[in-house]
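Below is one structure; the comments refer to it alone.
Every chain is numbered from 1 and lettered A, B, ... according to where its sequence line falls, protein lines coming before strand lines.
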Amino acid sequence: MSRVKVKAVLGLKPESQEITVKGWVRTFRNNQFIALNDGSTNNNLQVVVELGLLDETTLKRITTGAAISAKGTLIASLGKGQSVELVAKSIEILGDSDAEKYPLQPKKHSLEFLREIAHLRFRTNTFGAVFRIRHSLAYAVHKFFHEKGFVYLHTPIITASDAEGAGETFAVTNFDLNNIPKNDKGEIDFKQDFFGKHTNLTVSGQLEGELAAMAFGDIYTFGPTFRAENSNTTRHLAEFWMIEPEMAFYDLNDNMDLAEELLHYVINYALENNKEDIDFLTQRLLEEEKQKPQNERSEMNLLEKLQFCVNNKFERVTYTEAIAILKDSNHNKKKKFQYLVNEWGVDLQSEHERYLVEKHFNKPVILTDYPKNIKAFYMRQNDDGKTVRAMDILFPGIGEIVGGSQREERLEKLETRMKEMNIPVEELSWYLDTRRFGACEHAGFGLGFERLVLFVTGMTNIRDVIPFPRTPNNCEF
RNA sequence: UCCUUCUUAGCUCAGCUGGUUAGAGCACGUGACUGUUAAUCACGGGGUCCCUGGUUCGAGCCCAGGAGAAGGAGCCA
C-alpha cells in the first residue's frame with residue numbers, strides 16, 4: 001500500500017478504507033490527536049491515536065516537527081473541526097524532532113523571527129500558503145504565454161553589457177581578489193579575466209529578448225535578475241525574478257492589453273487553484289487588521305481585492321493627465337504631499353503613485369507617455385518631442401509592478417538618443433542590428449514576479465515571498 | 001545611502017519618576033485528565049536586560065559610541 005497525500009485524503013469519502021499517510025506533526029493534543037501536515041495543502045489531517053495503541057516511549061516521540069508515517073482507517077470524524085480523520089493502527093516515527101530545540105511552536109510567530117529561520121518557515125501555515133501560491137503563479141505565467149504561442153527564451157545570467165541602464169551590477173570574475181592584474185596604465189586588466197572582459201550578472205534580459213522577438217515574433221523570459229542597489233525597502237531584492245515578454249508588431253496599446261490580460265489570467269489562476277491558501281491568507285490579514293485603528297483598515301479583504309482586480313479594467317492615463325490630477329488634488333492644495341506637484345517633467349514620487357492608485361482611481365492604474373528625460377534610451381519617442389511611449393502599471397500597496405514600453409525601432413532616432421544619454425553605441429552594435437535588418441514596431445515589459453506574489457498573497461514584505469531573500473548585508477542559507 | 005523607531009527568558013511582550021531578589025503569557029519538563037481543535041489544570045526549570053564605555057551611592061531605565069532589526073524615503077521590478 002502506497003502513501004496518499006493529505007490533500008487527496010481530505011477529498012475522499014470515508015469508508016473505513018485503509019490508508020497510509022506521511023508528514024510532519026503540527027500539534028499533538030491530548031496524547032491522542034495528531035494534526036498532520038505534508039505540505040500538499042494548508043489543511044491538516046487529524047490522526048487519532050487510541051489509548052493503548054503505542055507505548056509510552058513512542059508516544060513521547062510524537063512531537064511538533066517530527067516526521068511520521070501513520071497507517072489506519074479513514075472514518076467520518078467524531079469531532080467537529082474536520083470532516084474525516086484517520087484512526088491509526090500503527091505509527092512509525094521517521095524522524096525525531098527535539099521539542100526543546102525545535103524553534104517552531106504551535107503558536108503565532110513574528111514574520112521577522114521566521115525570516116531568521118527561513119530554512120524552517122516553509123513548515124508554517126503562512127509560508128506554506130505563500131509558496132504554494134508562488135508556484136501556481138509561476139506555472140500560470142508559463143501556461144499563459146505557451147497558450148498564446150510565445151517562445152520561452154533563456155537569456156544569459158552573465159552578461160558583458162554594462163549599458164542596460166537598469167542600475168548597479170554585480171561583477172562576475174575569477175580573479176584572485178588579493179592579486180588583481182593591472183595593465184600599464186594601472187587599470188584592472190580584464191583581458192586576463194575568465195571572459196577576457198569585464199562581466200556582470202544580468203540586470204534585465206530585455207535587450208537579448210528583443211533580438212529573439214525579431215525572429216519568433218513573441219517571446220518571454222522568466223528568470224533571476226540581479227541588482228546591486230543598496231535598497232532597504234519592503235519592495236526590493238538584490239536577486240529577484242522577472243518576466244519579460246517582447247513582441248514584434250506590437251504598439252504600446254497592444255503591450256498594455258497583453259500586460260493586463262496576463263495579470264488578470266495569473267491572478268485568476270491562483271483564485272481558482274489556491275482557494276484554501278488564499279482563504280487562509282485573507283483570514284490572517286483580517287486578524288492582523290484588527291490590531292489597527294478603524295481608519296487604517298482596508299475596505300476590501302484580500303479575496304475581494306483579488307476578485308476586484310480580475311473583474312475590472314485597469315485605468316489608463318497619460319503622465320500629463322496624471323500630473324494635472326495630482327496638481328488639482330486637495331491633497332496637493334492642502335500641502336499634504338511631502339513633495340508638492342507643480343511642474344510637468346518631474347518624476348512621480350511613491351506618495352503620488354499611491355494617491356492615484358489608492359485614493360483617486362481606487363484600482364490598478366497604467367500610466368503612459370512619460371517625459372523622455374526620466375526614462376530609458378530604448379523607448380519610442382513621441383512626435384511631441386518630449387515624451388516617450390512608456391507604460392508603468394501601478395498596483396495598490398505595491399506601486400510599480402510592471403514597467404514597459406514600445407521600443408524605438410528607428411535607427412537614427414535611437415542612435416541620437418543613445419549619444420545624448422552617453423550610452424556606448426559601438427558596444428551595443430549587436431542590439432542596433434535589429435534596427436538595421438528588418439526593423440519593425442515592437443514592444444515589451446518587465447513584470448516583477450515577487451511583487452506579483454506580494455499582491456496575490458497580501459504579504460507586505462518582499463522578503464517573505466521569496467524562499468531565501470538576498471538583500472544588502474544578508475545572504476543567509 | 002538618508003530619516004524615524006526598536007533590541008529584556010526559546011517566542012511574543014510588560015517593567016512606573018533611576019532604588020532591594022527583573023515579571024507575564026506561550027513554549028519546554030514533570031504530574032493529572034482523556035474526543036481534543038494553538039486542549040485544559042497543577043507544579044517546575046529557564047535571564048550576558050544587544051555590545052563597549054560613561055554619569056550616579058545606585059542603571060534594564062540617563063548620556064556617548066558601535067552592532068543588528070523594522071518602517072519610511074530615494075533607486076526600481
Please confirm whether the ring centroid of [X] lies under 6.0 Å from the ring centroid of [Y].
X        : Y        : answer
A/Phe314 : A/Phe361 : no
A/His154 : A/Tyr152 : yes
A/Phe127 : A/Phe122 : no

Quickly work out the [X] [atom1] to [N] [atom2] distance and round it to whole Å.
X        : N      : atom1 : atom2 : result
A/Leu104 : B/rA38 : CG    : C1'   : 13 Å
A/Asp392 : B/rC76 : CG    : P     : 10 Å
A/Phe337 : B/rG72 : CZ    : P     : 17 Å
A/Glu116 : B/rU12 : CD    : P     : 8 Å
A/Asn44  : B/rU36 : CG    : P     : 18 Å
A/Phe113 : B/rC6  : CZ    : C1'   : 18 Å
A/Ile398 : B/rC76 : CD1   : P     : 18 Å
A/Tyr339 : B/rA73 : OH    : P     : 10 Å

Look at all strands and tell whether [X] reaches a base, only sugar-phosphate, or nothing, counting heavy atoms closer than 4.0 Å.
X        : result
A/Lys101 : nothing
A/Ile401 : sugar-phosphate
A/Glu85  : base
A/Leu452 : nothing
A/Gly79  : base
A/Gln46  : base
A/Phe240 : base

| task | Determine, stepwise, if the pair A/Val47 / A/Glu85 fulfils side chain to side chain contact (heavy atoms under 4.5 Å, CB included). | result | CA-CA 6 Å; A/Val47 177; A/Glu85 64 190 21; over 6 Å; no
Under 3.5 Å: donor-acceptor pair, side chain of [X], backbone of [Y]:
X        : Y        : result
A/Asn332 : A/Val341 : yes
A/Arg470 : A/Phe240 : no
A/Gln406 : A/Leu252 : yes

Using nucleotides 27-33 of chain B, report all nitrogen or oxygen pairs with the protein that are shorter than 3.5 Å.
unit_1	atom_1	unit_2	atom_2	d
B/rA27	O4'	A/Gln105	OE1	3.4

Take atom [atom1] in [N] and the same atom in [M], then report the distance between them in whole Å.
N      : M      : atom1 : result
B/rG71 : B/rG10 : C1'   : 26 Å
B/rU52 : B/rG29 : C1'   : 37 Å
B/rA9  : B/rC26 : C1'   : 12 Å
B/rG15 : B/rU56 : P     : 28 Å
B/rG35 : B/rU30 : P     : 22 Å
B/rA38 : B/rC11 : C1'   : 13 Å
B/rG58 : B/rU20 : C1'   : 11 Å
B/rU48 : B/rU8  : C1'   : 12 Å

| task | Could you check which of B/rC11, B/rA70, B/rC76 has an atom nearest any side-chain atom of A/Glu112? | result | B/rA70
| said: Can you identify which nucleotide, out of B/rA70, B/rC76, B/rG71, has its nearest atom closest to the A/Thr234 side chain? | reply: B/rG71
Kindly say if [X] contacts the phosphate of [N], meaning a side-chain N or O under 4.0 Å from OP1 or OP2.
X        : N      : value
A/Arg451 : B/rC76 : no
A/Thr27  : B/rU36 : no
A/Arg29  : B/rU36 : no
A/Arg235 : B/rA73 : yes

| field | Row check, A/Trp344 ring normal vs A/Lys386 NZ/CZ: under 6.0 Å, within 45° | value | yes
| field | Interatomic distance, A/Ile62 atom CD1 to A/Ile34 atom CD1 [nearest 0.5 angstrom] | value | 4.0 Å
Please write out each protein N/O paired with an N/O of nucleotides 1-5 of chain B under 3.5 Å, distance rounded to 0.1 Å.
unit_1	atom_1	unit_2	atom_2	d
B/rU1	OP1	A/Asn230	ND2	2.6
B/rU1	O4	A/Asn230	O	3.4
B/rU1	O4	A/Asn232	ND2	3.1

| task | Carefully, step by step, assess A/Tyr370 and A/Tyr319 under the rule ring-ring contact (aromatic ring centres under 6.0 Å, His included). | result | CA-CA 5 Å; A/Tyr370 280 81; A/Tyr319 167 89; 5.7 Å; yes
| query | With A/Lys275, which residues qualify under salt bridge (Lys or Arg N to Asp or Glu O under 4.0 Å), at least two apart? | reply | A/Asp279
| query | Counting only distance, no hydrogens or angles, is the base of B/rC11 paired donor-acceptor with the side chain of A/His109 under 3.5 Å? | reply | no
| query | Please walk me through it: do A/Lys143 and A/Tyr269 pass side chain to side chain contact (heavy atoms under 4.5 Å, CB included)? | reply | CA-CA 10 Å; A/Lys143 192 163 166 359; A/Tyr269 186 89; 4.1 Å; yes
| field | CA sep, side-chain torsions, deciding dist, call: A/Phe131, A/Arg134, side chain to side chain contact (heavy atoms under 4.5 Å, CB included) | value | CA-CA 5 Å; A/Phe131 290 112; A/Arg134 183 179 164 112; 3.9 Å; yes
| Do the rings of A/Phe113 and A/His109 sit parallel, tilted or perpendicular, given the 30° and 60° boundaries? | tilted
| request: Within residues 342-356 of chain A, find the residues that approach RNA chain B with a heavy atom at under 4.0 Å, and present them sorted by residue number. | output: A/Gln349, A/Ser350, A/Arg354
| request: Starting from the 5' end of RNA chain B, give me the residue, A/Arg463 or A/Glu450, whose nearest nucleotide shows up first. | output: A/Arg463
| request: Please list, chain by chain and in numerical order, all residues satisfying side chain to side chain donor-acceptor pair (under 3.5 Å) with A/His142, sequence neighbours excluded. | output: A/Tyr220
| request: Run the numbers on A/Glu351 and A/Lys336 for salt bridge (Lys or Arg N to Asp or Glu O under 4.0 Å), then give the verdict. | output: CA-CA 10 Å; A/Glu351 56 174 345; A/Lys336 278 191 191 165; over 6 Å; no
| said: For a stem of at least 3 consecutive Watson-Crick or G-U pairs with distances under 3.5 Å, i pairing with j, i+1 with j-1 and so on, which stems involve RNA chain B? | reply: B:1-7 with B:67-73, B:10-13 with B:23-26, B:28-32 with B:40-44, B:50-54 with B:62-66
| said: Less than 3.5 Å apart, any donor N or O on the side chain of A/Thr41 or A/Glu276 sitting next to an acceptor on the other? | reply: yes
| request: Please indicate yes or no: is the ring centre of A/Phe449 less than 5.5 Å from the centre of the six-membered base ring of B/rA77, with the two planes inclined by under 30 degrees? | output: no
